There are 2 protein chains.
Amino acid sequence: MKIDPNSSADLSAQIAQAIKNAIVEGRLIVDERLPSEAELADQFQVSRPTVREALKRLAAQSLIRTQRGAFGGAFVNKISFKDAYSQQITTSTLLLSMNAVSFDTACEARYALERACAPLSAQRRTPDHLATMRAEIVRQGQPGLSDETFCASDVAFHRALVDGAGNPVLSYQLAGAVEAMQPLMNMITFTARSREVIVGLHTRIADAIEARDAASADAALVELTTYTMTLKDSVMAARAAARNSAHR
Amino acid sequence: MKIDPNSSADLSAQIAQAIKNAIVEGRLIVDERLPSEAELADQFQVSRPTVREALKRLAAQSLIRTQRGAFGGAFVNKISFKDAYSQQITTSTLLLSMNAVSFDTACEARYALERACAPLSAQRRTPDHLATMRAEIVRQGQPGLSDETFCASDVAFHRALVDGAGNPVLSYQLAGAVEAMQPLMNMITFTARSREVIVGLHTRIADAIEARDAASADAALVELTTYTMTLKDSVMAARAAARNSAHR
DNA sequence: ATATTTTATTTGTCTGACATTTAAAAGTCT
DNA sequence: AGACTTTTAAATGTCAGACAAATAAAATAT
């Protein structure tokens, strides 16, 4: 592992990259201990604070974990699906908000991916997944629910659907798409009528998944996609109208 | 923004989290300048090195960028699709290798997601996407190609297919699934015969996308999924056989 | 008016020190 | 001998102060 002191990049960034490469290329394996900070400083010919900044960069990506005390140190971290989930969710969320991704684009992506999971979920869902879906449907039908709570339940329903596919890689990929949509969904005010429609579609989806009927699940998801988009259009139109009348 | 000096977590981790929350919740907006390191150290009642470690954590996640000099400092970074791509690819790749995700699981996820893109790609693909796909098909047919180069071309082909959907969110989500599969695909030795089959299926996919025929594209993708899995099975079987005979 | 130099500010890096945590090793008691 | 306690060494976490390097604004010179 070498670094170039004449490069324009920060030393700590170079060191972090060098160690990251070693991990990605398998030269450092899970749970292997890195040299101590003092030894790394020696190897790279930099000071300990610089090494520490590099290690913090890696820790922020869950690539290493550190432990204090004798026989402590920095260890190559086995990145868990949970770590990867949360990373993906924050990245996706910021990506959508900062790049002003349109509701339609995000919505299309989300439901396209979800439809990819539905046939597998119809095959493999367990009673647990069905129970979660049914429970969320009940919650969504309760009166007096805030829009935020309704949205959160919506996310939980769809995550159960996705998890039903029994493929952790799919669940991981979908986590970003589904959760990152939530802030956008929160902009919608759900009337009693629209909640009724959504609960109806959720019920059809749950029924189809329970009956292992992939085609029906897909059809209901398509309808849900369309309905979500028209719902957003009408909410936007209503707001525009309210703004116009207020300005006169 | 407050931190708890009695918490078990590192001060730098707490500070990073506090600033991250401010960004995610929109209290700090894109291109806004954070206070200087000295001011932050003052605010949080810690030393400058500690603040710096916190900032490096954020920089590692592309949440901020720093600039030296007068009127420099740390600025909230607009996370780009490119940033998000590369983060997702390394995370996905490590997730697969460290958690010993089976070839079948990763493969299933990848093709399920890709099939989700195909109908959209059939609708919206530009001549550019088609040209890329055709060019990669030609490359894949050339003799004397190493397995690695063949795999890389395979990835390029499928990325063009995905990008054809014209939905950057989908492209971003798929980048992880497609690229992270590459190390697993690299374990396969592609015989002349198997390359011929794959090129044939790729041609059918490109033809279908060109003809805006979503159903045919889907059918070809399903065949490709099945074929990839049987290919991997036969490679594994051949290796097992070789091991057995060598041991006798 | 333009070009150059100066200056102030800020990040990047280094040195050295002390605090805190932790597990192994040594010691003590029953 | 075995169980408990104390000591110790090694490592990360934190701090203070200093200097280097970059950079843009301000001041100066042409």
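Quick caveat: nothing in here was measured; it's all calculated off a predicted structure.
Only at 4.0 angstrom or more do the heavy atoms of residues 27-34 of chain B sit from any atom of DNA chain D, so none qualifies.
Here the P atom of nucleotide dT13(C) and the CG atom of Leu55(B) are 14 Å apart, to the nearest Å. Regarding Leu58(B), its CG atom lies at a distance of 16 Å from the C1' atom of dT11(C), rounded to whole Å. For Ile64(A) and dG13(D), the CD1 to C1' distance is 14 Å, given to the nearest whole Å. The CD atom of Gln14(A) sits 13 Å away from the C1' atom of dT13(C) (whole-angstrom rounding). Counting to the nearest Å, the C1' atom of dA10(D) and the CZ atom of Phe75(A) are 12 Å from each other.
Remark: Arg68(A) does not engage Asp10(B) in a salt bridge, criterion side-chain N to carboxylate O under 4.0 Å. Taking a cutoff of 4.0 Å between a charged side-chain nitrogen and a carboxylate oxygen, Asp154(A) and Arg110(A) qualify as a salt bridge.
Once rounded to the nearest 0.5 Å, the distance linking CG of Asp83(A) with OG1 of Thr91(B) reads 9.5 Å. Between Asn77(A) atom CG and Leu58(A) atom CG the span is 11.0 Å, to the nearest 0.5 Å.
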Protein within reach of the bases, or only the backbone? For nucleotides 14-20 of chain D, mark each nucleotide 5' to 3' as B, S or -, using heavy atoms under 4.0 Å. BB--B--

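In terms of the side chain to side chain donor-acceptor pair (under 3.5 Å) criterion, residue partners of Arg52(A) (sequence neighbours excluded) are, by chain and number, Glu37(A), Glu53(B). Remark: Gln182(A) engages Cys151(A), Ala152(A), Val155(A), Glu179(A), Asn186(A) in a side-chain contact (heavy atoms from CB on, under 4.5 Å) (not counting sequence neighbours). The side-chain contact (heavy atoms from CB on, under 4.5 Å) check on Met236(B) picks up Met187(B), Lys232(B), Arg239(B), with sequence neighbours excluded. By the side-chain contact (heavy atoms from CB on, under 4.5 Å) test, Thr105(A) pairs with Val101(A), Ser102(A), Asn167(B), Pro168(B), Val169(B), sequence neighbours left out.
Look at Thr66(B) and you'll find a side-chain N or O under 4.0 angstrom from OP1 or OP2 of dG12(C). Listed pair Lys56(A) / dG13(D) meets the phosphate criterion, a side-chain N or O lying under 4.0 Å from OP1 or OP2.
In terms of position on DNA chain C, the residue among Ala70(A) and Gly69(B) whose nearest nucleotide sits closer to the 5' end is Gly69(B).
Ring orientation note: the planes of Tyr172(B) and Phe81(B) are nearly perpendicular, at an angle over 60° on the 30°/60° scale.
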